[in-house]
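For reference, the structure is listed below as structure tokens.
Start at 1 with the first residue, then count along the sequence.
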Amino acid sequence: MKLKDGFVLRNIAGSNIVVPTGDRCLDFNGMITLNDTGAFIWKCLEEGKDEAQTVEAILSEYDVDQARAEECVKNFVAQLQEGGCLE
């Protein structure tokens, strides 16, 4: 699982926004707004972490149980897949 090239995460006026850059603008029209947890997961994916490693990172960062962390990562990855952000 890898994020496609051409997306950047920026914090704009306190909001986490993913925007397409370069040629990615041609096939992705818009932007993605993320909450803090979504931005954390995005950064994990940027670092090349797989789903299991991302769950472990969430467990280290947030006060959440394993099942909830796994559900969050699974749902987030599914949304990225549906939006065409993953290779």
Checklist entry - Can you check whether Asn16 reaches Thr33 side chain to side chain, under 4.5 Å on heavy atoms? => result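 The answer is no; the side chains never approach within 4.5 Å.
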Item to check | Minimum side-chain heavy-atom gap Val73-Cys44 below 4.5 Å | outcome: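 Contact flag for Val73/Cys44 side chains = no.
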Rounded to the nearest 0.5 Å, how far does [atom2] of [Y] lie from [atom1] of [X]?
{"X": "Leu34", "Y": "Leu80", "atom1": "CG", "atom2": "CG", "answer": "8.0 Å"}
{"X": "Leu45", "Y": "Thr54", "atom1": "CG", "atom2": "OG1", "answer": "5.0 Å"}
{"X": "Asp5", "Y": "Asp23", "atom1": "CG", "atom2": "CG", "answer": "11.0 Å"}

Determine the minimum heavy-atom distance between [X] and [Y], stating which atoms define it.
{"X": "Cys85", "Y": "Ile32", "result": "SG-CD1, 3.7 Å"}
{"X": "Pro20", "Y": "Gly30", "result": "CD-O, 3.1 Å"}
{"X": "Thr37", "Y": "Tyr62", "result": "CA-OH, 3.7 Å"}

Next on the checklist: If the test is side chain to side chain donor-acceptor pair (under 3.5 Å), which one of Glu47, Glu51, Glu46 qualifies with Lys49?
Outcome noted: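 Only one of Glu47, Glu51, Glu46 forms a side chain to side chain donor-acceptor pair (under 3.5 Å) with Lys49, namely Glu47.
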Kindly write out the residues that satisfy side-chain contact (heavy atoms from CB on, under 4.5 Å) with [X], not counting sequence neighbours, or none if the list is empty.
{"X": "Asp50", "answer": "Ala52, Gln53"}
{"X": "Glu87", "answer": "Lys2, Lys4"}
{"X": "Val19", "answer": "Val8, Ile17, Met31"}

Next on the checklist: Looking at Asn35, I'd like to know if its CG atom is crowded, meaning that more than 12 non-hydrogen atoms belonging to other residues, nucleotides or ligands lie closer than 6.0 Å.
Outcome noted: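 Yes, because the 6.0 Å sphere around CG of Asn35 holds more than 12 heavy atoms from other groups.
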Item to check | side chain to side chain donor-acceptor pair (under 3.5 Å) against Gln66, all qualifying residues, sequence neighbours excluded | outcome: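 Gln66 satisfies side chain to side chain donor-acceptor pair (under 3.5 Å) with Glu70 only.
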Item to check | Residues that Phe76 engages under ring-ring contact (aromatic ring centres under 6.0 Å, His included), provided they are two or more places apart | outcome: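 Scan of Phe76 (ring-ring contact (aromatic ring centres under 6.0 Å, His included), adjacent residues dropped) gives none.
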Item to check | Contacts of Glu71 that satisfy salt bridge (charged side-chain N to carboxylate O under 4.0 Å, His left out) - sequence neighbours left out | outcome: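 Residues passing salt bridge (charged side-chain N to carboxylate O under 4.0 Å, His left out) with Glu71: Arg68.
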